[in-house]
Number of protein chains: 2
Amino acid sequence: MTQAQILSRNQQIVLDIIEKAKGPLKAYSILFNVQKKGINAPQQIYRALDKLIEMGKIHKIESKNAFVACRISDCEISNATAFSICESCEKVDEISDAKLSKYLSSFNHKKGMKFKRFNLEFFGLCKKCK
Amino acid sequence: MTQAQILSRNQQIVLDIIEKAKGPLKAYSILFNVQKKGINAPQQIYRALDKLIEMGKIHKIESKNAFVACRISDCEISNATAFSICESCEKVDEISDAKLSKYLSSFNHKKGMKFKRFNLEFFGLCKKCK
DNA sequence: TAACAAAGTGTTATAATATAACATTTATTA
DNA sequence: TAATAAATGTTATATTATAACACTTTGTTA
């Protein structure tokens with residue numbers, strides 16, 4: 001049984017904002033949103049983001065330098081992430097597909113590398129934007 | 001038959017450096033390397049990088065904000081990229097695996113998104129670093 | 001081939017993203 | 001409760017990327 005993680009004050013504030021957001025949030029946009037709560041410096045945001053990522057509570061969308069809440073496997077360390085990204089409306093969805101995940105997790109590069117983790121980003125147009 | 005692309009002066013300079021490099025290069029490291037050739041501003045680098053990416057000559061490693069030459073399908077627009085990244089020595093290899101590529105290219109998100117492009121980054125330890 | 005359009009260049013300035021370093025406080029655990 | 005680990009607050013700065021504008025080169029077509 002996995003112990004529910006206790007978050008520090010700043011971590012909780014940052015996570016709340018990311019969870020409430022409809023799409024990926026950028027670090028500085030989070031910062032501007034929490035200045036009323038007494039968080040004033042980028043460091044404070046980035047530190048919280050780092051921890052939340054470590055805990056698997058959020059993910060970074062690398063192609064956008066932005067952060068989304070994990071909707072899939074709460075409280076798991078995320079070593080297998082996949083996202084669909086709409087190039088028009090910027091909507092991002094986390095993809096939870098057991099087959100895909102299994103396929104990629106067991107994929108081994110011929111050149112002898114054993115993988116610990118992967119991140120996959122699909123780009124296209126979402127249903128709405130099509 | 002695909003017409004061999006003619007590169008502009010700056011594009012060629014930037015591509016040469018990336019092709020000669022053993023690993024991924026960052027934009028500003030490219031800049032410092034070409035100042036002797038009269039390129040002085042980030043813009044000039046980023047413009048060349050953008051075009052080279054469009055042409056499929058290079059790829060961006062999103063998790064590293066760095067650029068590598070395409071060793072796989074020269075002169076093709078790259079809508080299906082996969083890389084293995086060593087977390088210890090930072091070595092990056094482009095993965096060319098027909099099965100993997102086919103599998104991912106035909107993957108469709110249940111929620112109705114049709115993908116145009118994907119980028120996959122695997123992380124682990126390379127043979128040497130293991 | 002002149003004239004127009006498209007692509008590329010050079011430059012200055014600045015925006016956006018991220019980390020270093022250090023002093024202090026809070027929480028945990030031995 | 002002392003020692004240690006984790007988190008915080010703060011200032012400064014490094015790194016990555018784009019905006020805007022004037023100019024030049026290249027390619028196209030009338």
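Proteins come first, then strands; the chains are lettered A, B, ... in the order of their sequence lines, and each starts at number 1.
Rounding to the nearest 0.5 angstrom, the gap separating the CD atom in B/Glu19 from the SG atom in B/Cys70 is 9.5 Å. Remark: B/Ile13 CD1 to B/Gln44 CD distance equals 9.5 Å, nearest 0.5 Å.
Partner A/Leu25 forms a side chain to side chain contact (heavy atoms under 4.5 Å, CB included) with one of A/Asn33, A/Leu49, A/Ile17 and no other, that one being A/Ile17.
With respect to A/Lys64 and A/Glu90, a salt bridge is recorded, a charged nitrogen being found less than 4.0 Å from a carboxylate O.
Between A/Tyr103 and B/Tyr103, the gap from one ring centroid to the other is short of 6.0 Å. Proximity of the aromatic rings of B/Phe107 and A/Phe122 is defined here by a centroid distance below 6.0 angstrom, and this criterion is met.
Taking side-chain N and O atoms only, A/Lys26 has a distance below 4.0 Å to OP1 or OP2 of C/dT17. Put simply, A/Lys60 has a side-chain N or O that comes within less than 4.0 Å of OP1 or OP2 on C/dA18. Between B/Ser8 and C/dT9, a side-chain N or O to OP1/OP2 separation shorter than 4.0 Å is present. For C/dA7, the OP1/OP2 oxygens have no side-chain nitrogen or oxygen of B/Asn10 closer than 4.0 Å.
In this entry the distance linking CG of B/Leu52 with C1' of C/dA7 reads 14 Å, nearest Å. Atom CD1 of A/Ile13 is separated from atom P of D/dA7 by 14 Å (rounded to the nearest Å). Between the CG atom of A/Leu25 and the P atom of C/dA16 there is a distance of 16 Å, given to the nearest Å. Atom NZ in B/Lys64 sits roughly 16 Å away from atom C1' in C/dA18 (whole-Å rounding). Rounded to an integer number of Å, the gap from B/Ile30 CD1 to D/dT15 P is 15 Å. In this structure, B/Gln11 places its CD atom 13 Å from C1' of D/dT26, rounding to the nearest Å. Taking atom CG on A/Leu7 and atom C1' on C/dT28, their separation rounds to 17 Å, with Å as the unit. Computed from coordinates, the A/Ile53 CD1 to C/dT17 C1' distance equals 14 Å when rounded to whole Å.
Around the NZ atom of B/Lys130, the shell of radius 6.0 Å holds more than 12 heavy atoms that belong to other residues, nucleotides or ligands.
The nearest heavy atom of DNA chain C to B/Asn65 and to B/Arg9 marks one nucleotide each, and the one closer to the 5' end goes with B/Arg9.
The stretch residues 36-51 of chain B touches DNA chain C through B/Asn40, B/Ala41, B/Gln43, B/Gln44, B/Arg47, B/Lys51, each having a heavy atom under 4.0 angstrom from the strand.
Scanning atom types as modelled, one donor and one acceptor separated by under 3.5 angstrom connect the side chain of B/Tyr28 and the base of D/dA17.
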